[in-house]
Number of protein chains: 2
Amino acid sequence: MMREKIQIKKIDYLPARQVTFSKRRRGIFKKAGELSVLCDSEVAVIIFSQTGKLFDFSSSRRVRCTFD
Amino acid sequence: MMREKIQIKKIDYLPARQVTFSKRRRGIFKKAGELSVLCDSEVAVIIFSQTGKLFDFSSSRRVRCTFD
DNA sequence: TCCCCTATACTTAGTAA
DNA sequence: ATTACTAAGTATAGGGG
């Protein structure tokens, strides 16, 4: 298969960018949940997609994130 | 070394918990930065450690996170 | 959009400093 | 608190449905 390591720069091809967005968003939310449990801490993540959709994760109701 | 896969539950031993907190926090911030660049989106993460210290990452000044 | 798959890149547990 | 090391666990690119 010989994937080459990816560069951290905007993915130009829209379908690929959308797929990556979906996968990595899930990955971050998972990591956030794990960190909060493992380390007994509170974690919140907010993501605003390019298309204007908002996604968020919070380990606690005490945490709030907003965009201007 | 024979590590066994870790369980996602609070790490009891404080020094180990602190080390994991430090490592995973960095990991999440890195992932957040990558996601924002790769997918041209805005991402913010806020973490409140058990000891009361606040850590945050934001890909944009438009993003704000707070704790009650 | 989401899930499945696999090979590979990446993250991290355990440890010491 | 953080970081370096390295083995092993995990996330994910690319491709298919």
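When reading the values below, keep in mind they use all heavy atoms of this one structure, side chains included, and skip hydrogens, waters and symmetry mates. Given the structure is predicted, the values throughout are model-derived calculations rather than measurements.
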Between CG of A:Leu35 and C1' of C:dT12 the distance, given in whole Å, is 12 Å
When rounded to whole Å, the CD1 to C1' distance for the pair A:Ile28 and C:dT11 reads 13 Å
Quick one: does B:Ile46's side chain get under 4.5 Å of A:Ile46's, heavy atoms only?
no
Q. Can you check whether A:Ser22 has a side-chain N or O nearer than 4.0 Å to OP1 or OP2 of C:dC2?
A. yes
B:Ser41 and A:Phe48 have their tightest heavy-atom pair at CB-O, 3.2 Å
When only distance counts, do a donor and an acceptor, one from the side chain of A:Lys23 and one from the base of D:dA11, lie under 3.5 Å apart? no
Taken to the nearest whole Å, CD/A:Gln7 to P/C:dA9 is 12 Å
Looking at A:Arg26, I'd like to know whether one of its side-chain N or O atoms comes within less than 4.0 Å of OP1 or OP2 on D:dT12. no
Heavy-atom nearest nucleotide on DNA chain C taken for B:Glu34 and for B:Val19; more 5' hit belongs to B:Glu34
B:Arg24 atom CZ is separated from C:dA13 atom P, nearest whole Å, by 4 Å
Is any side-chain nitrogen or oxygen of B:Lys30 closer than 4.0 Å to OP1 or OP2 of C:dT11? yes
Smallest heavy-atom separation, B:Glu42 atom then B:Ser59 atom, equals CA-OG, 3.3 Å
Rounded to the nearest 0.5 angstrom, the CD1-CZ distance for B:Ile47 and B:Arg25 is 6.5 Å
* Asked: So A:Ser49 and A:Thr51, side chain to side chain donor-acceptor pair (under 3.5 Å) or not? Walk me through it.
  -> CA-CA 5 Å; A:Ser49 78; A:Thr51 57; 2.9 Å; yes
Taken to the nearest whole Å, CZ/B:Phe21 to P/D:dT3 is 13 Å
B:Arg25 atom CZ is separated from D:dA1 atom P, nearest whole Å, by 8 Å
The answer to which of A:Thr51 and A:Leu38 contacts DNA chain C further toward the 5' end, by nearest nucleotide, is A:Thr51
In whole angstroms, the gap separating P of C:dA13 from CD1 of B:Ile6 amounts to 5 Å
- Task: May I ask you to say what B:Arg17 touches in the nucleic acid, namely base, sugar-phosphate or nothing, with a heavy-atom cut-off under 4.0 Å?
- Result: nothing
Rounded to whole Å, CD1 of B:Ile11 lies from P of C:dT12 at a distance of 12 Å
(message) Any side-chain N or O of A:Thr20 below 4.0 angstrom from OP1/OP2 of D:dA13?
(response) yes
Note to self: Less than 4.0 angstrom between a side-chain N/O of A:Lys31 and OP1 or OP2 of C:dT12, yes or no?
What the structure shows: yes
